[in-house]
Amino acid sequence: MQENHTQDRQDLERNLEPSGNTGHDRNRRRFLRDSGLAGVAALVGMNVPFAANLPKGFMPAAMASEDVLAGKDGLRLLNDRPINAETPAHLLDDAITPTARHFIRNNGAPPEDVDAAGWTLTVDGLVDTPLSLSIADLKSQFDVASMALVIECGGNGRWAFDPPAKGNQWTTGAVACSEWTGVRLKDVLARTGVKSNVVYTAHVGADAQLSGDPDKLPISRGLPIEKALTDNVLIAFEMNGGPIHANNGAPLRLVVPGWPGSCSQKWLKRIYLRDIVHDGPKMTGTSYRVPNRPVEPGEKVATEDFEIIERMPVKSLITSPENGALAGRSIDVRGHAWSGDRTVDAVDVSMDFGATWTRADLDAPVNDGAWQNWRTTLTLPQAGYYEIWARATDSAGQMQPFAINWNPKGYLNNTMHRVAVRAA
Ligand SMILES: Nc1nc2c(c(=O)[nH]1)N[C@H]1C(S)=C(S)[C@@H](COP(=O)(O)O)O[C@H]1N2
Ligand SMILES: [Mo]
């Protein structure tokens, strides 16, 4: 059964070409999107300092012709159609990511004029009893849970791929750990029943394809049924104790911690159960997939040799000091670490390019699926330039690598985060 899209063509066109935009604005935005910083420099009539250090396709928010980042604080806009914006590492310093600092990864145009009170979630397909539930039904009929959960885009870190990989050139900021409130998917599926031949879930959101074709979904992903039935997969209606941000999936979304962010369907309208691996848009081909064998950087890989990404690999982020900071000789270093479906056992920090390592103090996760906070103090031996590196090791003994395990679509870059400081 195809999801029935309520959004009519006019609405779609409003999404694509916001009213009040002149043709010049549209052309300018298109130009910016295509030419990236060269275009920005041309438009502002001067060189952009450190342009070479910025990711390809990067566009300062000020250059976008509308306030696409309303309600967000300090995010870097990578693309405005669809909206993609990441959070600089030093703005991810909080243990729980504030809503204003949660990255945005949209594949299409979010629904407009969302009516939370009238919103329904349909759960059907290979269930015993199909259900249609309002958000009030979810709140009153199921156990409500609040959990800090990591969402990381599968393409986080793509900017470092060489040869480059097409797609959003995320640096380190397509990750967040907000507190999500909702009901467990497993509880809802216990109510509908799961037929014995079910292997996969399929998720449908209310966003529209940018092409304007109302019959096509921008993205529809799913989960192996075993994963869907775990304790920390939430159908969430609140973010950090308040409403979900419009671009983060209001009024209802899935949150599947530790797996590629694409599993966490936003603007959730329907979940249906299937007896095959779900084959919706961005499930097949090379989307959110990596080669099933080691490949040479730049190698062409046949589509049938790709497999679906499941858990995200062990990773850490240095959130203080900020890259480029001026420091004293004694420097507090801190950040987060996570590993999909696992915990992190250790975080080590180096100030001498990996020659020696200092073990950081590492907190346990506040709940299953949360990132872990860590901290240490380093004493820099003399004034000068340093790089601080962090590396996490998870409960299965896997450690972050020094170099990228290249794949054609630029997924799963979990190399160590490095931050430069100058000691006075
Ligand atoms: N309906 C819908 N859900 C979606 C997406 C989308 O484009 N449409 N993007 C996915 C991807 S690729 C990621 S990484 C996460 C990002 O969640 P966020 O935008 O709240 O940070 O949402 C996922 N859920
Ligand atoms: Mo993503």
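Please read all numbers here as calculations on a predicted model, not as lab measurements. Start at 1 and go down the list; that is how both ligands and their atoms are numbered.
- In Arg253, the part holding a heavy atom less than 4.0 Å from any atom of ligand 1 is the side chain.
- Here the heavy atom of the protein found nearest to atom 21 (O) of ligand 1 is Phe103 O, 2.7 Å.
- Proximity to Ile104 (heavy-atom distance under 4.0 Å) selects the following atoms of ligand 1: 19 (O).
- Ligand 1 places these atoms under 4.0 Å from at least one heavy atom of Trp267: 1 (N), 2 (C), 8 (N).
- The proximity of His102 to ligand 1, defined as any non-hydrogen pair under 4.0 Å, is limited to the side chain.
- The protein heavy-atom contact nearest to atom 19 (O) of ligand 1 is Lys266 NZ, 2.5 Å.
- The pair Arg391-Asp348 meets the salt-bridge criterion, with a side-chain N (NZ, NE, NH1 or NH2) lying under 4.0 Å from an Asp/Glu carboxylate O.
- If you run side-chain contact (heavy atoms from CB on, under 4.5 Å) between Leu252 and each of Ile244, Val114, Leu138, only Leu138 comes through.
- Tyr272 does not carry Arg274 over the face of its six-membered ring by the limits of under 6.0 Å from the centre and within 45° of the normal.
- If you run side-chain contact (heavy atoms from CB on, under 4.5 Å) between Val175 and each of Lys315, Glu152, His336, only Glu152 comes through.
- With a 4.0 Å cut-off on non-hydrogen atoms, Ser264 touches ligand 1 through its backbone and not its side chain.
- Against a heavy-atom cut-off of under 4.0 Å, Asn106 is close to the following atoms of ligand 1: 7 (O).
- Closest to atom 15 (C) of ligand 1 by heavy atom, among Ala174, Gly261, Ser178, Pro110, is Gly261.
- Only the side chain of Ile219 comes within 4.0 Å of ligand 1, counting heavy atoms alone; its backbone N, CA, C and O stay farther away.
- When non-hydrogen atoms are compared, ligand 1 lies under 4.0 Å from the side chain of Asp207 (C-beta onward) but not from its backbone.
- Annotation for ligand 1: atoms under 4.0 Å from non-hydrogen atoms of Cys153 are 14 (S).
- Closest heavy-atom approach to atom 11 (C) of ligand 1 within the set Ser262, Ser287, Ala250, Cys263: this belongs to Ser262.
- Only side-chain heavy atoms of Tyr288 come within less than 4.0 Å of ligand 1; its backbone N, CA, C and O stay farther off.
- Under a cutoff of 6.0 Å and an axis angle of 45°, Lys139 and Phe237 form a cation-pi pair.
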